[in-house]
Amino acid sequence: MNASASDLRFFNTLTRRKEKFTPLEPGKVRMYTCGPTVYDYAHIGNFRAFLFEDLLKRWLEYRGFTVTHVMNITDIDDKTIKGSQKQNIPLAQYTEHYTQAFFEDIKTLNVKPATHYPKATDHIPQMTSLIQTLLNKGYAYKSQDGSTYYAINKFKNYGKLSKTKPQALKTGARVKQDEYTKEEAQDFALWKAHTPEDGNVFWNTPLGKGRPGWHIECSAMSMHYLGETFDIHCGGIDNIFPHHENEIAQSEAATGKRFVRYWLHNEHLLVEGKKMAKKTGNYYTLRDLLKRGHDPIAIRYLLQSTHYRAQFNFTLEALDAAHMAVERLRNFARRLQDADGAGSEGKIAQLLRAVREAFGDAMDDDLNVSIALGALFDFVREVNTLLDAGMVAKGEAEGVSAFIGGLDGVLGVIGEVEAEKTLPLGAEALIRERGEARKAGDWARADALRLRLRAMGVVVEDTAEGVRWRLVRKA
Ligand code: AMP
Ligand code: ZN
């Protein structure tokens with residue numbers, strides 16, 4: 001579909017409504033997503049955010065937009081300094097380790113790379129000049145210790161994103177740490193004067209010796225790469241306050257222009273009903289799950305398959321179900337490769353039309369991926385039935401493969417499926433033996449043989465065309 005002809009709608013946190021999406025520049029989307037704070041390995045809650053953003057970008061591209069995507073790396077803040085001091089290594093060395101780990105992890109999860117990954121420590125001049133503008137315009141002031149603060153009462157729209165009521169704000173009171181609650185809303189630090197606790201982490205700048213606050217980092221880097229007004233800004237809902245509220249205050253006060261047109265926030269990944277977080281210790285890193293033998297693509301599928309604005313409880317059982325779903329799709333793609341049936345008399349074309357529309361409508365409606373996947377699996381089931389009946393001609397199967405390949409550009413879970421390879425030694429005899437056991441009605445023996453084959457990495461299935469097998473990772 002042509003980008004301008006699309007009918008995309010997104011829920012904008014700013015207005016709390018679904019709005020038709022039209023980018024500033026036709027056919028082009030500029031989007032900023034808050035990246036990782038590289039003080040530890042990211043947990044899969046963080047990856048829920050990054051995978052939602054990946055799905056959003058891929059869907060925009062599917063609809064024909066060219067997307068410029070910026071994801072920052074927060075390599076200087078309260079948490080990174082604390083972490084490097086604990087390990088007694090220089091900040092840059094400490095954050096480099098976790099930055100590389102992050103890049104490895106997103107590659108493992110098949111996340112499409114962003115256009116730019118700016119590091120905060122490489123953009124100190126952009127931050128200080130933005131703070132200088134705020135000082136010049138009277139939105140910022142210096143405190144006695146040499147830090148610079150943002151005066152929230154000067155910005156009349158303060159609170160518009162998080163719906164924090166201005167009268168609830170205590171003016172004159174200040175907060176220096178990066179994270180705080182709505183109830184603690186007050187003047188926040190743009191530039192933090194050097195203290196002994198910061199050790200050797202500081203920059204000598206016109207604002208004095210010190211380091212930036214977290215919120216100014218994202219204002220400075222997003223506007224540097226995407227301009228003073230851009231289309232989409234994402235993050236998890238925990239970022240709405242104070243981080244994104246403060247970004248708006250900083251950017252709009254400095255430029256006098258609207259900062260972001262669509263704010264999209266993902267809900268949290270939960271464990272036993274609680275937000276997955278480092279603080280509470282109820283988290284899995286990607287690496288934890290890979291060590292236990294889980295398929296990273298099943299993790300990708302699981303984290304993406306619930307609508308991004310719904311909370312989602314993570315369980316290992318759900319991960320197993322996600323693995324089965326991915327296997328079903330891969331198996332389907334494989335089956336299509338050897339289809340050479342009589343033809344469906346137009347049924348395939350009809351099913352394709354219907355699924356294209358249903359999948360597209362659901363995704364255009366604020367990325368409703370669960371409805372879209374439901375339509376896809378209905379389609380897979382119906383085509384499988386036609387395949388079982390030998391009713392899918394080669395040309396029709398090619399059409400279905402092309403469609404599935406296009407959708408996989410969005411989902412990123414099937415990849416290249418290989419045609420069946422040769423069976424491991426001894427497997428053929430076991431498959432034969434299992435067939436004989438089934439014929440004799442010896443189901444217990446047939447089941448035992450199926451399990452032995454599974455342990456060898458062979459999955460057997462009984463279809464109308466006889467026994468089929470495929471190779472999977474060894475159990
Ligand atoms: P951080 O590295 O803490 O700055 O977080 C990176 C991203 O992960 C941000 O967009 C957070 O809002 C998001 N995030 C953190 N915890 C969760 C969670 N449990 N579920 C979903 N997103 C989360
Ligand atoms: Zn940010």
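Start at 1 and go down the list; that is how both ligands and their atoms are numbered. By convention here, the first residue in the shown sequence is residue 1.
For F50, the closest heavy-atom approach to ligand 1 falls below 4.0 Å. Taking 4.0 Å as the cut-off, K278 does not count as a neighbour of ligand 1 on heavy-atom distance. Not a single heavy atom of A42 sits closer than 4.0 Å to an atom of ligand 1. Residue contacts with ligand 1: E267 is included, with a non-hydrogen atom under 4.0 Å away.
Looking at G236, A277, G45, it is G45 that brings a heavy atom closest to atom 22 (N) of ligand 1. Residue nearest to atom 9 (C) of ligand 1, selected from N239, I240, I237: N239 (by heavy-atom distance).
Between L264 and H233, the closest side-chain pair of non-hydrogen atoms is not below 4.5 Å. Within the 4.5 Å cutoff, the side chain of I299 has no heavy atoms near those of the Y284 side chain.
Under the side chain to side chain donor-acceptor pair (under 3.5 Å) test applied with D78, the options Q177, R211, K176 reduce to a single match, R211.
The Zn ion (ligand 2) has an N, O or S atom of C218 closer than 2.8 Å. Not a single N, O or S atom of H244, from either the backbone or the side chain, sits less than 2.8 Å from the Zn ion (ligand 2).
Between H97 and Y41, the distance from one ring center to the other falls under 6.0 angstrom. Between Y150 and Y141, the ring center distance fails the sub-6.0 Å criterion.
Using cut-offs of 30° and 60° for the angle between ring planes, the W263 and H265 rings count as parallel.
Every atom of ligand 1 with a heavy atom of G35 under 4.0 Å away is listed here by number and element: 4 (O), 6 (C). Ligand-side atoms of ligand 1 in range of M276: 16 (N), 18 (C), 19 (N), range being under 4.0 angstrom from any heavy atom. Those atoms of ligand 1 that come under 4.0 Å of a heavy atom in G235, given as number and element, are 10 (O). Each of the atoms 18 (C), 19 (N), 20 (N), 21 (C) of ligand 1 lies under 4.0 Å from some heavy atom of L269. Atoms of ligand 1 lying under 4.0 Å from at least one heavy atom of P36, given by number and element, are 2 (O).
Per residue H243, closest N, O or S atom to the Zn ion (ligand 2): atom name NE2.
T115 places no side-chain N or O within donor-acceptor distance of the main-chain N or O of T68, the cut-off being under 3.5 Å.
Residue contacts with ligand 1: A49 is placed with no nitrogen or oxygen under 3.5 Å of a nitrogen or oxygen of the ligand (distance criterion only). The distance criterion of under 3.5 Å between nitrogen or oxygen atoms is met by D238 with respect to ligand 1. The N/O atoms of N46, backbone and side chain alike, include one that comes under 3.5 Å of an N/O atom in ligand 1. Distances between N or O atoms of H268 and those of ligand 1 include no value under 3.5 Å.
For the 3.5 Å distance criterion, the side chains of Y225 and H123 qualify, holding a donor opposite an acceptor. S219 and Q250 share a donor-acceptor pair across their side chains, judged by distance under 3.5 Å alone.
To the nearest 0.5 angstrom, R309 atom CZ is 9.0 Å from N368 atom CG. The CD atom of E179 sits 8.5 Å away from atom CG of N239, with the distance rounded to the nearest 0.5 Å. W59 CH2 to L407 CG: the interatomic distance, rounded to the nearest 0.5 Å, is 7.0 Å.
Contacts between N266 and ligand 1 below 4.0 angstrom, taking non-hydrogen atoms only, involve the side chain exclusively.
Of the protein's heavy atoms, T37 OG1, 3.8 Å lies nearest to atom 1 (P) of ligand 1.
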